[in-house]
Amino acid sequence: MRIKTDFLVIGSGLAGLVYALKVAEYGRVVLVSKTKIDETTTSYAQGGIAAVTYLPDSYEKHIQDTLRAGCYLNNETVVRMVINESDKMIKELINWGVRFDKREDGIFDLSREGGHSEKRVLHWKDRTGFEIQRALIEEVKKHKNIKLLENHFSIDIITQHHLGLEITRRTQDIECYGAYLLNNKTQKIITVLSKATLMATGGAGNAYINTTNPTIATGDGISMVYRAKGMVSDMEFVQFHPTALYNPKEKPSFLITEALRGFGAILVDKDGKEFMKKYDERASLAPRDIVARAIDNEMKQSGTNHVYLKCTHLEKNELIRHFPYIYAKCLSIGIDFTKEMIPVVPATHYLCGGIVIDEHGKTTIKNLFAAGECACSGLHGANRLASNSLLEAVVFSHRAALKSIECYKNVKHIDAVPNWDSEGTVLNEELVLITQSLHEVQSIMSNYVGIVRSNLRLERALNRLAIIYKENEDLYDKSILTQRICELRNIINIAYLIIKFAKNRKESIGLHYNIDYPVKK
Ligand SMILES: Cc1cc2nc3c(=O)[nH]c(=O)nc-3n(C[C@H](O)[C@H](O)[C@H](O)COP(=O)(O)OP(=O)(O)OC[C@H]3O[C@@H](n4cnc5c(N)ncnc54)[C@H](O)[C@@H]3O)c2cc1C
């Protein structure tokens with residue numbers, strides 16, 4: 001089967017939905033989700049979206065906080081651009097029907113998160129992402145130009161390589177003609193030809209054992225682009241959220257938003273003693289990398305599996321009013337956070353690196369754009385400031401949409417693109433191999449490429465990964481394609497990139513902490 005469209009959008013989170021809504025005013029759009037439209041990381045976002053709205057806040061303060069969190073490895077031009085556009089983007093979200101909490105006097109009820117010098121995070125209770133996803137999906141479903149393909153898995157983007165041309169260098173002129181999609185219900189592979197394609201596939205938390213990311217976050221977009229010889233960057237900067245709920249059997253790990261610490265909750269050890277002041281003057285509100293490393297250290301020193309977050313000193317009704325979702329979740333596992341401490345542990349949360357894009361969301365591959373967590377715009381540098389990722393997703397989707405609208409009319413579909421050549425024979429009895437390899441990769445990444453790294457651990461990780469890579473490529477070549485084997489292949493690719501970038505960085509900075517190098521401030 002072949003589909004021709006003007007715009008192809010791979011991913012239905014915030015980045016994909018915003019772009020789809022904008023380009024749909026100009027042409028036909030195919031919007032793809034590998035599962036259901038609302039099964040995205042966006043739906044899980046709790047804290048909110050950072051934007052400059054009222055005095056005494058200013059663009060300059062938000063810019064400086066972002067640069068400081070990113071250890072000044074950020075692209076300052078991009079930081080200024082994104083933050084200067086923040087309030088305009090919030091208005092657009094509101095126009096699409098997104099609700100943000102307001103105080104009784106009608107102004108936004110802003111919260112403050114770690115690393116922010118002002119209260120500037122707009123939120124909808126503690127389920128901001130869910131609300132954003134809800135409102136945008138309603139708009140998308142109303143739009144006659146948007147064709148939604150749920151349960152369709154994008155295997156690879158189509159380039160000159162599929163016309164038989166050898167692409168040997170990442171600096172070569174590469175063009176994107178669309179993508180091959182696997183229909184998960186029929187197991188048939190569809191060829192989608194598009195004039196402009198947006199990669200909006202989100203992050204890659206599932207490269208690790210413990211993650212706050214939903215199971216869809218397997219780094220597919222980054223791997224597809226890397227395989228097609230597009231440029232990828234900053235992959236060593238993996239953010240661990242310091243406070244996931246310690247509940248070992250639960251996947252994904254449930255996040256306890258930083259906003260709770262912004263509200264006054266404090267991190268304590270098993271004896272109820274506050275420990276963060278030993279590590280940073282900002283105590284429980286220090287940036288995430290510092291807090292995650294401090295918790296890691298406390299756990300190692302005390303031999304415990306977690307520390308605690310204490311909110312029992314806070315006003316009960318206000319606490320429940322602001323954090324009803326977390327309250328209900330904790331109650332469901334027998335913890336009343338107004339009376340008891342919450343056990344918490346760090347978990348992989350966000351990937352700062354990804355597909356290199358310019359200020360218009362353009363990748364190094366022609367007619368291919370990227371936005372959201374799969375992209376690397378230069379906003380975050382060595383560490384992401386809390387609640388800047390939803391902002392980044394919306395700004396770059398908007399900008400990518402403007403550029404796509406400008407360019408797509410001059411692009412022709414390439415009819416010579418062949419359909420997918422599928423010849424695999426190995427069937428489901430090999431599922432056990434996929435499951436086992438996935439556990440092996442996740443354990444290599446968690447044990448050797450986690451919060452604390454060393455040259456020796458990275459070397460070990462790379463050697464072990466090489467074996468799994470080889471085995472999986474053999475299996476992939478023989479197999480009838482399934483989403484699971486493709487995801488495993490992508491996770492191996494992501495693991496390789498994280499290790500490679502980590503090995504190349506000869507310093508400890510931001511999210512990349514290697515005991516063989518002193519911390520660069
Ligand atoms: C628990 C949690 C809380 C968070 N809280 C906040 C917060 O408060 N503020 C903030 O700014 N950020 C927060 N983040 C980060 C933020 O939610 C994400 O960075 C952001 O939502 C990513 O949006 P996205 O559109 O790039 O990707 P996603 O929302 O993850 O969407 C990805 C889409 O791509 C699709 N997809 C993936 N691979 C394929 C494929 N091969 N084929 C077809 N489709 C594919 C998926 O099906 C999905 O539709 C949080 C993250 C987590 C995990």
Side-chain angles (χ1 to χ4, degrees), residues 8-20 30-51 111 113 121-124 126-133 136-137 148-157 179-184 192 198-206 211-224 239 241 243-245 252-259 325-326 347-352 354-355 370-375 379-380 384-394 396-397 483 486-487 489-490:
L8 170 63
V9 186
I10 308 175
S12 61
L14 175 59
L17 295 176
V18 165
Y19 178 91
V30 170
L31 171 64
V32 185
S33 159
K34 68 176 170 180
T35 53
K36 281 171 53 210
I37 186 170
D38 56 353
E39 214 172 301
T40 64
T41 308
T42 300
S43 295
Y44 285 71
Q46 294 180 356
I49 178 164
S111 50
E113 296 191 347
V121 179
L122 290 107
H123 59 95
W124 187 74
D126 51 358
R127 300 196 76 188
T128 313
F130 181 84
E131 166 61 9
I132 292 175
Q133 187 85 30
L136 298 188
I137 288 176
L148 174 64
L149 295 182
E150 291 183 302
N151 289 307
H152 280 70
F153 180 85
S154 176
I155 306 165
D156 266 318
I157 57 164
Y180 291 116
L181 307 182
L182 170 68
N183 178 332
N184 279 328
V192 181
L198 178 80
M199 198 57 86
T201 48
N206 289 286
T211 179
T212 59
N213 291 189
T215 49
I216 56 106
T218 51
D220 300 343
I222 300 170
S223 302
M224 281 186 258
Q239 187 172 63
H241 197 288
T243 56
L245 180 65
S253 304
F254 182 82
L255 180 89
I256 307 287
T257 173
E258 207 153 330
Y325 187 45
I326 297 177
T348 317
H349 186 58
Y350 184 82
L351 181 60
C352 291
I355 305 159
E373 193 167 336
C374 69
L379 175 71
H380 306 304
R384 173 189 73 127
L385 184 68
S387 289
N388 263 358
S389 40
L390 291 176
L391 177 63
E392 184 195 36
V394 70
F396 280 97
S397 297
Q483 179 166 324
C486 293
E487 285 180 339
R489 188 176 187 229
N490 291 337

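Side-chain atoms are counted along with the backbone in the values below, which use heavy atoms only and exclude waters and symmetry mates. From a predicted model like this one, the values you see are computed outputs, not experimental measurements. Start at 1 and go down the list; that is how both ligands and their atoms are numbered.
Under the 4.5 Å side-chain criterion, counting only non-hydrogen atoms from C-beta, H152 is not in contact with N184. Contact annotation: the side chain of L31 never approaches that of L149 to less than 4.5 Å [non-hydrogen atoms, C-beta and beyond]. The shortest distance between side-chain heavy atoms of R127 and Y44 does not fall below 4.5 Å. Using a 4.5 Å heavy-atom threshold, the side chains of I155 and L181 count as separate. Counting only heavy atoms from C-beta outward, the side chains of L390 and I132 approach each other to under 4.5 Å.
Close N/O approach between T212 and ligand 1 is not found [any backbone or side-chain N/O within under 3.5 Å]. Checked against a 3.5 angstrom limit, the closest N/O atoms of I216 and ligand 1 fall outside it. In terms of polar-atom proximity, defined here as any N/O pair under 3.5 Å, S389 does make such a contact with ligand 1. At under 3.5 Å, not a single nitrogen or oxygen of E113, backbone or side chain, sits near a nitrogen or oxygen of ligand 1. Polar contact with ligand 1: absent for Y44 (N/O pair, distance under 3.5 Å). Considering backbone and side-chain atoms together, E373 places an N or O closer than 3.5 Å to an N or O of ligand 1. Residue G48 has at least one N or O atom closer than 3.5 Å to an N or O atom of ligand 1. Taking distance alone, with nitrogen or oxygen atoms compared against 3.5 Å, L14 approaches ligand 1 more closely than that limit. Distances between N or O atoms of L255 and those of ligand 1 include no value under 3.5 Å. Considering both main-chain and side-chain atoms, Y350 never comes within under 3.5 Å of ligand 1 through any nitrogen or oxygen pair.
Contacts with ligand 1 closer than 4.0 Å are made by side-chain heavy atoms of D220 only, the backbone lying farther away. Residue-level proximity to ligand 1 for Q46 is carried by the backbone, the only part with a heavy atom below 4.0 angstrom. No part of A50 comes within 4.0 Å of ligand 1, judged by heavy-atom distances. Contact annotation: for R384 versus ligand 1, heavy atoms closer than 4.0 Å belong to the side chain alone. Of all the heavy atoms of A393, none lies under 4.0 Å from any atom of ligand 1, so neither backbone nor side chain is involved. Contacts between H152 and ligand 1 below 4.0 angstrom, taking non-hydrogen atoms only, involve the backbone exclusively.
Ranking protein heavy atoms by distance to atom 24 (P) of ligand 1, first place goes to T42 OG1, 4.0 Å. Remark: minimum distance from atom 4 (C) of ligand 1 to any protein heavy atom is reached at A45 CA, 3.4 Å. Atom 25 (O) of ligand 1 has its closest protein heavy atom at A15 N, 3.0 Å. Among protein heavy atoms, atom 27 (O) of ligand 1 sits closest to G202 CA, 3.3 Å. Nearest to atom 44 (N) of ligand 1 among the protein's heavy atoms is K34 N, 3.2 Å. In this structure, atom 52 (C) of ligand 1 lies nearest to the protein heavy atom H349 CE1, 3.3 Å. Protein heavy atom closest to atom 42 (N) of ligand 1, with residue, atom name and distance, is S154 N, 2.8 Å.
Under the side chain to side chain contact (heavy atoms under 4.5 Å, CB included) criterion, A51 pairs with S86, I90, L122, sequence neighbours left out.
D220 contributes atom CG, which lies 4.5 Å from atom CG of N490 (distance to the nearest 0.5 angstrom). A distance of 6.0 Å separates CD in Q239 from SG in C352, rounded to the nearest 0.5 Å. For the atom pair I355 CD1 and I222 CD1, the distance stands at 6.0 Å (nearest 0.5 Å).
No side-chain donor from either of S223 and R489 sits under 3.5 Å from a side-chain acceptor of the other. Judged by distance alone, the side chains of S387 and E113 do bring a donor and an acceptor atom under 3.5 Å apart. A side-chain N or O of T40 and one of Q133 form a donor-acceptor pair less than 3.5 Å apart. With 3.5 Å as the limit, one finds no donor-acceptor pair spanning the side chains of H123 and Q46. Between the side chains of H349 and T212, at least one donor N or O lies within less than 3.5 Å of an accepting N or O.
Using a 4.0 Å cutoff on heavy atoms, S387 counts as a contact of ligand 1. Contact between A200 and ligand 1 is present, with at least one heavy atom of the residue lying under 4.0 Å from the ligand.
In this structure, H241 has its ring center no closer than 6.0 Å to that of Y350.
Contact atoms of ligand 1 toward G372: 26 (O) (distance under 4.0 Å to a heavy atom of the residue). Close approach of ligand 1 to L390 (heavy-atom distance below 4.0 Å) involves ligand atoms 9 (N), 10 (C), 11 (O), 12 (N), 21 (O). Heavy-atom contacts of G47 reach the following atoms of ligand 1: 8 (O) (cutoff under 4.0 Å).
By the 6.0 Å contact criterion, CZ on F254 is enclosed, its count of non-hydrogen atoms from other residues, nucleotides or ligands being greater than 12.
Considering V18, I10, T41 only, the shortest heavy-atom separation from atom 30 (O) of ligand 1 involves T41. Across the listed options C486, A204, G11, G11 owns the non-hydrogen atom lying nearest to atom 34 (O) of ligand 1.
By the 4.0 Å N-to-carboxylate-O rule, E39 lies too far from K34 to be salt-bridged with it.
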